[in-house]
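Here is the naming used below: chain letters follow the sequence lines, and residue numbers restart at 1 for every chain.
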There are 2 protein chains.
Amino acid sequence: MDQTAPHFDSDLLDPPEAGSIYQAIRDDIVNGRLAPNERLVISALATRYGTSTNPIREALQQLRGEGYVVFSYNRGARVRSLDEDFIRDITEVQALIEPYLTELFVELVSDADIVRLESIQDEIEELNFADIYRHSALDTAFHRTLYDRHYNRLAFEQWWRNREIMGAISSRFPYSLSRRTAVLKEHRELIAALRGHDAPRACEVIARHTRGSGLHIVEHMRAARHRSQN
Amino acid sequence: MDQTAPHFDSDLLDPPEAGSIYQAIRDDIVNGRLAPNERLVISALATRYGTSTNPIREALQQLRGEGYVVFSYNRGARVRSLDEDFIRDITEVQALIEPYLTELFVELVSDADIVRLESIQDEIEELNFADIYRHSALDTAFHRTLYDRHYNRLAFEQWWRNREIMGAISSRFPYSLSRRTAVLKEHRELIAALRGHDAPRACEVIARHTRGSGLHIVEHMRAARHRSQN
DNA sequence: CGTTGACAGATAATGTACGATCTGAAAGCG
DNA sequence: CGCTTTCAGATCGTACATTATCTGTCAACG
């Protein structure tokens with residue numbers, strides 16, 4: 001079973017060495033090694049990734065087009081700052097896309113799919129948020145099972161990008177107890193809806209799931225902001 | 001001081017000269033001067049826009065991130081090919097975003113907004129598709145009136161990008177008679193729904209409008225493909 | 001005679017280096 | 001204390017070097 005790592009191709013073939021700088025920078029952003037709003041100095045990145053400046057400049061421009069990086073003229077690039085408003089916005093877009101992607105999956109879901117989802121979910125519950133990175137990987141696998149085979153690659157890529165951005169920020173916060181129980185409950189609810197081929201219910205659950213995830217992040221951000229205002 | 005500055009027609013916005021190459025290339029794509037699937041040769045573009053290669057390379061990378069351009073390693077860039085599947089995909093995403101954006105507008109619509117929409121619509125009907133470019137500008141103004149003030153800039157930008165891409169392809173086809181009547185009818189229907197603050201109806205109309213627009217393009221593409229297969 | 005395959009030159013993408021501004025901030029001056 | 005000057009560091013544009021791919025010719029072969 002090819003359990004795919006969080007490795008996602010924007011090109012079909014990974015060029016031997018080419019887009020790897022883009023990949024590396026993007027990974028560093030979504031994993032928090034390059035923090036939101038952090039300045040991205042070209043020469044520093046060039047030495048960091050062991051190349052000259054031009055590949056860095058091009059990678060940053062691509063990331064700019066994807067929304068990970070912002071530029072000011074003659075002042076260089078920064079990692080996009082992820083404030084509460086932006087998380088709210090991205091969450092609402094996800095709450096549109098995910099039910100849309102789910103809707104088709106309800107049509108074409110097979111028994112094997114259900115088994116796979118349940119096995120992932122079993123593992124999630126067994127792990128019980130002990131290892132956050134492992135949990136994140138499992139959660140990603142769960143959702144990708146739903147969306148991977150959708151014909152609409154544009155929507156899928158949009159969803160994936162947004163998910164990575166949200167992951168970048170949410171990995172800094174712990175799961176609250178209420179959020180944990182909600183995640184588990186909603187996953188189980190979704191599986192039940194899929195088994196019954198109940199599209200409206202599946203879409204409702206996934207929309208609730210998505211909104212809850214965003215709200216959870218925003219609440220953490222708000223709390224952190226208040227703490228720092230003492 | 002005597003800098004024979006290549007002042008492109010006195011700019012009205014933005015940094016002096018910075019992203020203007022990006023803008024120029026994007027405009028050329030969405031206006032069809034650079035056709036779908038056309039090869040984008042860096043040196044050729046450099047001479048075309050009167051600059052060296054690096055700004056071109058960076059602009060293309062940004063456009064890649066936005067989905068206008070695709071790369072293959074060591075083989076350069078092409079304008080994204082817009083096949084029927086992609087139009088279908090982009091249409092379905094638009095059919096998610098536009099009702100979402102409309103929903104809020106129903107809440108905050110003012111009498112002045114209604115007046116403005118009606119005046120645009122009057123002009124559209126008076127023009128009656130005689131000048132396609134003018135019609136397109138008016139139609140854009142109509143829809144932007146609905147979405148411009150939405151707080152979700154991410155969704156707005158996504159909508160705008162998709163709209164420009166669809167405009168790039170649809171401008172090559174004439175409006176069929178049935179499509180013309182549908183457009184006018186749906187705009188009027190939308191205004192009526194807005195006046196009555198009827199959100200569900202407004203969303204339904206705009207979703208139908210969006211899907212119809214996409215379907216219209218796909219039908220033209222299909223017809224053109226069959227013609228060329230003789 | 002037509003097709004295929006290899007080779008060489010041309011073309012273009014990718015990487016490196018450098019110089020010309022621009023920015024931001026600290027030092028100098030009134 | 002505020003304004004100007006200076007200056008290091010960074011961005012942005014230009015030029016060049018290095019490969020990789022494409023094209024067309026020509027000979028070998030069926």
Side-chain angles (χ1 to χ4, degrees), chain A residues 9-26 28-29 34-66 68-81, chain B residues 1-8 11 13-26 28-29 34-81:
Chain A
D9 48 5
S10 76
D11 285 328
L12 295 113
L13 289 176
D14 287 303
E17 186 59 27
S20 69
I21 294 158
Y22 157 79
Q23 279 285 348
I25 296 178
R26 201 184 67 159
D28 283 351
I29 290 175
L34 293 171
N37 210 36
E38 181 171 340
R39 179 112 188 261
L40 295 170
V41 177
I42 302 202
S43 55
L45 295 175
T47 57
R48 170 170 178 165
Y49 298 107
T51 176
S52 66
T53 59
N54 242 356
I56 303 290
R57 281 156 70 168
E58 291 178 9
L60 289 181
Q61 291 295 339
Q62 187 182 351
L63 292 164
R64 172 195 205 172
E66 292 174 354
Y68 292 102
V69 165
V70 294
F71 273 74
S72 333
Y73 184 67
N74 271 337
R75 287 201 232 161
R78 305 184 94 92
V79 180
R80 161 161 234 157
S81 76
Chain B
M1 302 305 174
D2 55 337
Q3 185 149 339
T4 57
H7 264 160
F8 298 145
D11 39 39
L13 57 137
D14 285 350
E17 178 60 30
S20 71
I21 295 159
Y22 157 78
Q23 278 285 349
I25 297 178
R26 203 184 67 158
D28 283 350
I29 290 175
L34 293 170
N37 211 35
E38 180 171 340
R39 178 109 189 264
L40 295 171
V41 177
I42 304 217
S43 55
L45 294 175
T47 59
R48 170 170 179 166
Y49 298 107
T51 177
S52 65
T53 59
N54 243 355
I56 304 289
R57 283 156 69 169
E58 292 177 7
L60 289 181
Q61 291 294 339
Q62 188 181 350
L63 291 165
R64 171 196 206 173
E66 293 174 353
Y68 290 102
V69 165
V70 294
F71 274 73
S72 8
Y73 185 68
N74 270 337
R75 289 186 181 181
R78 305 185 95 93
V79 179
R80 161 159 234 157
S81 77

In whole angstroms, how far is the [atom2] atom of [N] from the [atom1] atom of [X]?
X	N	atom1	atom2	result
A:Glu58	C:dG15	CD	P	7 Å
B:Tyr49	D:dG13	OH	P	15 Å
B:Arg78	C:dA12	CZ	C1'	13 Å
A:Ile42	C:dA17	CD1	P	16 Å
B:Gln61	C:dA13	CD	C1'	11 Å
A:Leu45	C:dT16	CG	P	15 Å
B:Asn54	C:dA17	CG	P	14 Å
A:Leu40	D:dT11	CG	C1'	13 Å

Judged by atom type as modelled, is there a donor-acceptor pair below 3.5 Å linking the side chain of B:Arg80 to the main-chain atoms of B:Gly67?
yes
What nitrogen or oxygen pairs link the protein and nucleotides 16-23 of chain D at under 3.5 Å?
unit_1: D:dA20; atom_1: O3'; unit_2: B:Asn74; atom_2: ND2; d: 3.3
unit_1: D:dC22; atom_1: OP1; unit_2: B:Arg75; atom_2: NE; d: 3.4

State which residues pass side-chain hydrogen bond (donor to acceptor under 3.5 Å, both in side chains) with B:Arg78; sequence neighbours excluded, sorted by chain then number.
none
Enumerate the side-chain hydrogen bond (donor to acceptor under 3.5 Å, both in side chains) contacts for residues 36-48 of chain B, please, sequence neighbours excluded, ordered by first and then second residue.
B:Asp28-B:Arg48
Sorted by position of nearest nucleotide on DNA chain C, 5' first, the leading residue of A:Thr51 and B:Val41 is B:Val41
Partners passing side-chain contact (heavy atoms from CB on, under 4.5 Å) against B:Ala59 (at least two apart in sequence or in another chain):
B:Ile21, B:Tyr22, B:Ile25
Residues in side-chain contact (heavy atoms from CB on, under 4.5 Å) with B:Ala46, at least two apart?
B:Thr53, B:Ile56
Salt bridge (charged side-chain N to carboxylate O under 4.0 Å, His left out) against B:Arg57, all qualifying residues, sequence neighbours excluded:
A:Glu58
What's A:Ile56 touching, base or sugar-phosphate or nothing? Going by heavy atoms closer than 4.0 Å.
nothing
